[in-house]
2 protein chains.
Amino acid sequence: MRPTVHDIAAAAGVSLATVDRVLNQRPGVRHVTREKVEAAIRELGYIRDVAAANLAKGRTYSLVFILPASDNSFMYGLNAEIRQAILRSPAERTDIRTIEVPAFDPAALVSVLEELSREKPCGIAMVATDAPEVRAIVDRLVRAGFPIVTLVSDLTGSLRHHYAGVDNIAAGRTAARLLGRFLGPRKGEIAVLAGSMLVRDHRERLEGFTSVMAEEFPDLTILPVLEGRDDPEIAHMLVADALSRNAGIIGVYSLGAGNRGLIRALKEKAVDRTLTVIAHELTAHTRAALLDHTIDAILNQDAGHEVRSAVRVLKAKADGLAVIEAQERIRLDIFLKDNLP
Amino acid sequence: MRPTVHDIAAAAGVSLATVDRVLNQRPGVRHVTREKVEAAIRELGYIRDVAAANLAKGRTYSLVFILPASDNSFMYGLNAEIRQAILRSPAERTDIRTIEVPAFDPAALVSVLEELSREKPCGIAMVATDAPEVRAIVDRLVRAGFPIVTLVSDLTGSLRHHYAGVDNIAAGRTAARLLGRFLGPRKGEIAVLAGSMLVRDHRERLEGFTSVMAEEFPDLTILPVLEGRDDPEIAHMLVADALSRNAGIIGVYSLGAGNRGLIRALKEKAVDRTLTVIAHELTAHTRAALLDHTIDAILNQDAGHEVRSAVRVLKAKADGLAVIEAQERIRLDIFLKDNLP
DNA sequence: GATTTTTTGATTTACGTACATCAGAATTGG
DNA sequence: CCAATTCTGATGTACGTAAATCAAAAAATC
């Protein structure tokens, strides 16, 4: 049987009330007494029964998800997963709410965080916009005791407790190696379609991609990046244009959203040539394209896993508990047509 | 506020005791009364507070993991993950125990299951050996109300509640496509190293592998399977022999364990030729081989995820709760040297 | 209609923790 | 040494559910 507060009280030779004061860091305990109790806790290996504690407190974890107001299909999926989490709320003692902020707008994000600091939720998950002022307020909130995790897009160098997202540099590197290996000995040019070079994830993917390409696949030349702004129409235009203009293109890496446009362009312009294509994010469109061989591989991050992980980590941090690191690591999924879920 | 048993009692116009009798399917409630209570439960959307219930019951979930007594590094890792789960037991109200049975021995497995049926654990996770008599007793236990999940190796056609493992046919198909694409236009022969064709996982991987090879990569010929019995020494011998004998080998697929021997053979015999190699299971050895380019890709199943998933599913089934399907799906991880964890 | 059986109600205790109150003890300051 | 202050103990209630007991009511049986 695991020890209870009663056992601690008996072992430390104090009353239940004193144990309670120590456990919940309430005032009114002399230093020596507190040490006695803490020693007993350590010796007996006492672990607070979180379920019972939450029951007694009537606690619910109020969590806030801050998301950019961009309507690409990845964010759409992320939203859907949060709604799923909200449906599970009663069973998980959570009370989840989302706040939309304009995308790429550090000031807006900062002001939302300011407001939250007054409201005192139990935890905050945010798709970070990488800016010094955001880092500053995140650090301030963390120091003030708020559990904070970044979601999908990290805030490196900040004090955030956890990052629930993939390593985008590794994703870019993986894309490069896959593309390089799939193309084998062929020489030629690679078109890269990104959303915007202002977005950190995209910059990082490109960085990883170019470095592996340069190191290991010198026969492949990367063309200037096409910035499709995650918009299918623009993506279509840019890719179609590049393909008609340049007959030397033998591979495409799409590291952002707007793949619907990419796929259309490929079907129009590339039926006759063997193009190797790698794209990010598994959606209905990319899945179909993978199955009909328009795309050769899809790199994906599981939004459901990211949301569930963020919730678990925030709850654990709110209770001062440890997380299972391996469980919270978001993997880079590589999908070929054979291992689709 | 979510409704409690008190609210149900008030709404149904019965006493707390009656609600309890209905909720815990105790006798002594007239049919009409039971219906009244059930209606109230539905109308108010009552969900039992599992944490409070477990507290009241003093419940711990006694779970049994049945594992084959084979000491390859995957099973070793699986064991380690179970030990981790045991360490978490106090916080998770679980009481986990493992039972080793001789590998590939249906009779032994059946007798262990027979015994467990008397002991009445809350749930059983088992690495299944695929045999009719095993299926029969699993079905009997499921019908008797035991939650049962298969782990790593499934028992198709049985009534087991869940399978915590990868789709091995998809794994084989994925391996074939990766190998085929990596080899590009080259023609040649492929060596396949398996543990034993008596193991279902291995048979399925091979099945997936050969079918994609036949369909899509006709220039690649699969040589007769080398059965290394998951033993590094035997694997080394078989692969070294095959490589010296056959100069036409340009690719290797290792779908079982014993990769240490494979890697040694590759380093001895294949330094001069460019061989493309795909192996299963990420271990210290395969990881090193991936990093030094001896192996080109590793397919992996995350034993930690499998164990945690099995525990979650068994607990949920024991309580008659739903599981989050997407969370319990075990993915086939594809590791290149760039996305290693 | 009396008797037996079944069904229901009322009440209590328990699980492990949180939190509040009040009295009493120990410590400190003057 | 007394008063003021700081600590500690004892006790009770609460959270939502389980489970047991015993009495009372209702239904079924004869």
Side-chain angles (χ1 to χ4, degrees), chain A residues 1-41 44-61 89-93 95 122 315 318-321, chain B residues 1-38 40-41 44-61 89-93 95 122 318-321:
Chain A
M1 262 324 206
R2 57 192 269 202
T4 74
V5 277
H6 294 85
D7 301 320
I8 303 300
V14 300
S15 76
L16 252 180
T18 303
V19 174
D20 182 68
R21 289 190 257 259
V22 172
L23 279 176
N24 296 291
Q25 10 219 15
R26 268 186 270 279
V29 183
R30 228 183 341 157
H31 192 67
V32 284
T33 316
R34 164 160 280 131
E35 300 233 303
K36 255 196 318 191
V37 174
E38 276 162 356
I41 288 174
L44 298 191
Y46 169 81
I47 328 163
R48 170 200 252 110
D49 183 329
V50 184
N54 284 343
L55 177 60
K57 281 196 280 224
R59 168 169 214 173
T60 58
Y61 300 83
S89 275
E92 297 183 345
R93 299 192 104 84
D95 174 17
C122 299
K315 286 174 73 173
D319 291 333
L321 298 176
Chain B
M1 264 324 206
R2 54 193 274 202
T4 73
V5 276
H6 294 86
D7 302 322
I8 303 301
V14 300
S15 75
L16 254 180
T18 303
V19 173
D20 182 69
R21 290 190 256 258
V22 172
L23 278 175
N24 296 291
Q25 9 221 16
R26 266 186 272 278
V29 183
R30 230 186 336 160
H31 191 68
V32 284
T33 317
R34 164 160 279 132
E35 300 233 303
K36 254 196 319 191
V37 174
E38 275 162 356
I41 288 174
L44 298 191
Y46 169 81
I47 328 165
R48 169 201 252 110
D49 183 329
V50 183
N54 284 344
L55 178 60
K57 280 195 279 218
R59 168 170 211 172
T60 58
Y61 299 85
S89 275
E92 296 183 344
R93 301 192 105 83
D95 173 18
C122 299
D319 292 332
L321 298 177

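Below, chains carry the letters A, B, ... as their sequence lines are ordered, and counting in each starts from 1.
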Handout entry: Spacing of B/Tyr46 atom OH relative to D/dT17 atom C1', expressed in whole Å
Key = 7 Å

Fill in the blank from the handout: Quick note, B/Ala52 side chain, CB onward, closest among D/dG9, C/dG9, D/dG16 is D/dG16

Practice task
Compare side-chain N and O positions of A/Ser15 against OP1 and OP2 of D/dA10 and report whether any pair is under 4.0 Å apart.
Solution key: no

Practice task
Would you mind telling me which of C/dG16, D/dA18, C/dT7 lies closest to the side-chain atoms of B/Asn24?
Solution key: D/dA18

Exercise for the section: Nearest whole angstrom, please: distance from the P of D/dC7 to the NZ of A/Lys36. Expected result: 14 Å

Practice task
Answer with yes or no whether A/Arg2 presents, from its side chain, a donor or acceptor under 3.5 Å of a partner atom in the base of C/dG16.
Solution key: no

Handout entry: Carboxylate-amine/guanidinium proximity below 4.0 Å for A/Arg93 and B/Asp49
Key = yes

Handout entry: Minimum-distance nucleotide (side-chain atoms of A/Leu55 versus D/dC15, C/dT17, C/dC15)
Key = D/dC15

Handout entry: Backbone of A/Arg26 reached by a side-chain donor or acceptor of A/Arg21 within 3.5 Å
Key = no

Problem - Intermediate values then yes/no, salt bridge (Lys or Arg N to Asp or Glu O under 4.0 Å), B/Arg59 and B/Asp319 - result: CA-CA 11 Å; B/Arg59 168 170 211 172; B/Asp319 292 332; 3.0 Å; yes

Handout entry: Interatomic distance, A/Asp319 CG vs C/dA18 P [rounded to whole Å]
Key = 10 Å

Practice task
State which residue, out of A/Ile41, A/Ile8, A/Val29, A/Asp7, fulfils the side chain to side chain contact (heavy atoms under 4.5 Å, CB included) condition with A/Val19.
Solution key: A/Ile8

Exercise for the section: Could you tell me whether B/Gly58 contacts a base, only the sugar-phosphate backbone, or nothing, with contacts defined as non-hydrogen atoms closer than 4.0 Å? Expected result: nothing

Practice task
Using whole Å, report how far CG of B/Leu23 lies from C1' of D/dG16.
Solution key: 11 Å

Handout entry: Separation of atom CZ in B/Arg59 from atom P in D/dA18, rounded to whole Å
Key = 11 Å

Practice task
Starting at atom NE2 of A/His6, determine the distance to atom C1' of D/dG9, rounded to an integer number of angstrom.
Solution key: 13 Å

Practice task
For A/Asp20, answer base if it contacts any base atom (sugar-phosphate contacts may also be present), sugar-phosphate if it contacts only those atoms, and nothing otherwise; contact means non-hydrogen atoms under 4.0 Å.
Solution key: base

Problem - Side-chain N or O of A/Arg30 closer than 4.0 Å to phosphate OP1/OP2 of C/dT27 - result: yes

Fill in the blank from the handout: Nearest-nucleotide check on DNA chain C, B/Gly28 vs B/Ala56; residue mapping nearer the 5' end is B/Gly28

Problem - Rounded distance in Å - CG (B/Leu16) to C1' (D/dA18) - result: 11 Å

Exercise for the section: Locate the shortest heavy-atom distance separating A/Tyr61 from A/Asn54; write the atom from each residue and the value. Expected result: OH-ND2, 3.0 Å

Exercise for the section: Please work out if B/Val14 contacts a base, only the sugar-phosphate, or nothing of the nucleic acid, heavy-atom cut-off 4.0 Å. Expected result: sugar-phosphate

Exercise for the section: Quickly work out the A/Arg48 CZ to C/dC19 C1' distance and round it to whole Å. Expected result: 13 Å

Practice task
Would you classify A/Ala17 as touching base, sugar-phosphate or nothing, given that sugar-phosphate means primed atoms plus P, OP1 and OP2, and contacts are heavy atoms under 4.0 Å?
Solution key: base

Handout entry: Under 4.0 angstrom between A/Thr4 side-chain N/O and C/dG16 OP1 or OP2
Key = no

Practice task
Answer yes or no: is there a donor N or O on one side and an acceptor on the other, between the side chain of A/Asn24 and the main chain of A/Asp20, under 3.5 Å?
Solution key: yes

Completion exercise
Residue pair B/Asp49/B/Arg21 against DNA chain D: nearer the 5' end by closest nucleotide is B/Asp49

